[in-house]
Amino acid sequence: MKAPLIILLALLAAPVPALAHVVAAPGEAKAGSYSAIAFRVGHACAAGDTTLKLRVEIPDAVVSARPQPKPGWTIDIEKDGEKATAVTWTGRLPDDQFDDFALLMKLPSQPGNLVFPVIQSCEKGESQWTEIPDPDRPGEKLTRPAPTVRLIPAAEQTPPMPDMPGMKH
């Protein structure tokens with residue numbers, strides 16, 4: 001009993017790394033659904049810096065995308081015809097704070113991974129969260145991974161439960 005407790009305490013005492021990149025939250029959604037996905041910025045481009053812009057590229061397979069307004073931030077929507085191809089939020093996010101930048105999207109009906117390249121512009125530089133995993137090298141550690149949303153199959157319609165003797169519905 002002592003060994004598992006000691007291991008647990010050691011794990012809890014270990015330093016926890018700061019969120020090291022921009023991530024999509026949630027990281028999973030149903031294919032073919034409308035889903036609000038937030039791109040979470042956990043820190044600036046460098047310690048003590050301030051994020052000034054966040055540009056999210058929208059994959060071609062996404063049917064539609066609309067940004068959520070944020071007080072104190074302006075929004076620029078790049079379009080190809082009527083379809084949004086990228087959204088840029090401009091404002092100020094100090095390094096000691098985090099924030100979510102959300103898009104309401106109609107997702108493609110095909111399950112798989114959607115990759116959203118993101119460029120984070122700061123006062124002292126830029127971070128390009130654009131690396132895409134190589135399917136031939138699973139488990140490869142990326143230094144600047146693009147946020148990814150895994151599309152899962154839409155749930156099939158489950159048949160109604162048959163009546164069970166003695167159960168009231």
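Quick note: residue numbers are just sequence positions, from 1.
Residue pairs meeting the salt bridge (Lys or Arg N to Asp or Glu O under 4.0 Å) criterion with at least one member in residues 21-34, sequence neighbours excluded: E28-R150.
For Q68, the side chain to side chain donor-acceptor pair (under 3.5 Å) test picks out no residue, with sequence neighbours left out. The salt bridge (charged side-chain N to carboxylate O under 4.0 Å, His left out) search around D76 returns none, not counting sequence neighbours. Here L104 pairs with A36, R66 under the side chain to side chain contact (heavy atoms under 4.5 Å, CB included) rule; sequence neighbours left out. Remark: R92 engages E123 in a side chain to side chain donor-acceptor pair (under 3.5 Å) (not counting sequence neighbours). Partners of D99 according to the side chain to side chain donor-acceptor pair (under 3.5 Å) rule, which considers only residues two or more places apart in sequence or in another chain, are K70.
Of the inter-residue distances, the one linking I58 atom CD1 with F116 atom CZ reads 7.5 Å to the nearest 0.5 angstrom. Summarising the geometry, atom SG belonging to C45 is positioned 7.5 Å from atom CD belonging to E126; distances are rounded to the nearest 0.5 Å. Atom CG of D49 is separated from atom NZ of K124 by 5.5 Å, given to the nearest 0.5 angstrom.
In this structure, R55 pairs ionically with E78, as a charged nitrogen and a carboxylate oxygen lie closer than 4.0 Å.
Here the shortest heavy-atom pairing between S127 and R144 reads OG-NH1, 3.5 Å. Closest of all the heavy-atom pairs between A24 and P147 is N-CB, 3.8 Å. Across all non-hydrogen atoms, the minimal contact from H43 to T51 is O-OG1, 4.1 Å. In this structure, A31 and S109 approach most closely via the heavy-atom pair CB-O, 3.3 Å. The minimum heavy-atom distance linking T85 with K79 is given by the pair OG1-N, 4.0 Å. Considering all non-hydrogen atoms of both residues, T130 and V118 come closest at CG2-O, 3.9 Å.
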| request: Would you please test R40 and D100 for salt bridge (Lys or Arg N to Asp or Glu O under 4.0 Å) and show each step? | output: CA-CA 4 Å; R40 182 160 294 151; D100 290 340; 2.7 Å; yes
| message | Please evaluate residues L52 and T90 with respect to the criterion side-chain contact (heavy atoms from CB on, under 4.5 Å), reporting the C-alpha separation (whole Å), side-chain torsions for both, the decisive distance (0.1 Å), and the verdict. | response | CA-CA 6 Å; L52 302 176; T90 303; 5.7 Å; no
| message | Would L114 and L107 count as a side-chain contact (heavy atoms from CB on, under 4.5 Å) here? Give the steps. | response | CA-CA 9 Å; L114 280 178; L107 301 173; 3.9 Å; yes
| task | Apply side-chain contact (heavy atoms from CB on, under 4.5 Å) to L151 and V149, showing your working. | result | CA-CA 6 Å; L151 298 181; V149 175; 4.2 Å; yes
| request: Go through the steps for L54 and T88 under the test side-chain contact (heavy atoms from CB on, under 4.5 Å), then give the verdict. | output: CA-CA 5 Å; L54 190 75; T88 302; over 6 Å; no
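Under the 3.5 Å distance criterion, the side-chain polar atoms of T148 are matched with a main-chain donor or acceptor of A146. In terms of modelled atom types and a separation under 3.5 Å, the side chain of D95 and the main chain of A44 share a donor-acceptor contact. Between the K106 side chain and the G32 main chain, a donor and an acceptor come within less than 3.5 Å of each other.
Contact annotation: the side chain of Q120 approaches that of W129 to within less than 4.5 Å [non-hydrogen atoms, C-beta and beyond]. Residues M105 and S35 are not in side-chain contact: their nearest non-hydrogen atoms beyond the backbone lie 4.5 Å or more apart. Contact annotation: the side chain of I132 approaches that of V115 to within less than 4.5 Å [non-hydrogen atoms, C-beta and beyond].
Clustering ILVMFWY residues whenever any of their side-chain heavy atoms sit less than 4.5 angstrom apart, transitively, puts F39 in the very cluster that holds I77. In terms of hydrophobic clustering, with Ile, Leu, Val, Met, Phe, Trp and Tyr side chains grouped at heavy-atom distances under 4.5 Å, I75 and L93 are assigned to a common cluster.
By the 6.0 Å contact criterion, CG on D80 is open, its count of non-hydrogen atoms from other residues, nucleotides or ligands being 12 or less. Remark: D96 CG is packed, more than 12 non-hydrogen atoms of other residues, nucleotides or ligands lying under 6.0 Å away.
Side-chain atoms of T143 and E131 include a donor-acceptor pair closer than 3.5 Å.
Between W73 and F101, the gap from one ring centroid to the other is short of 6.0 Å.
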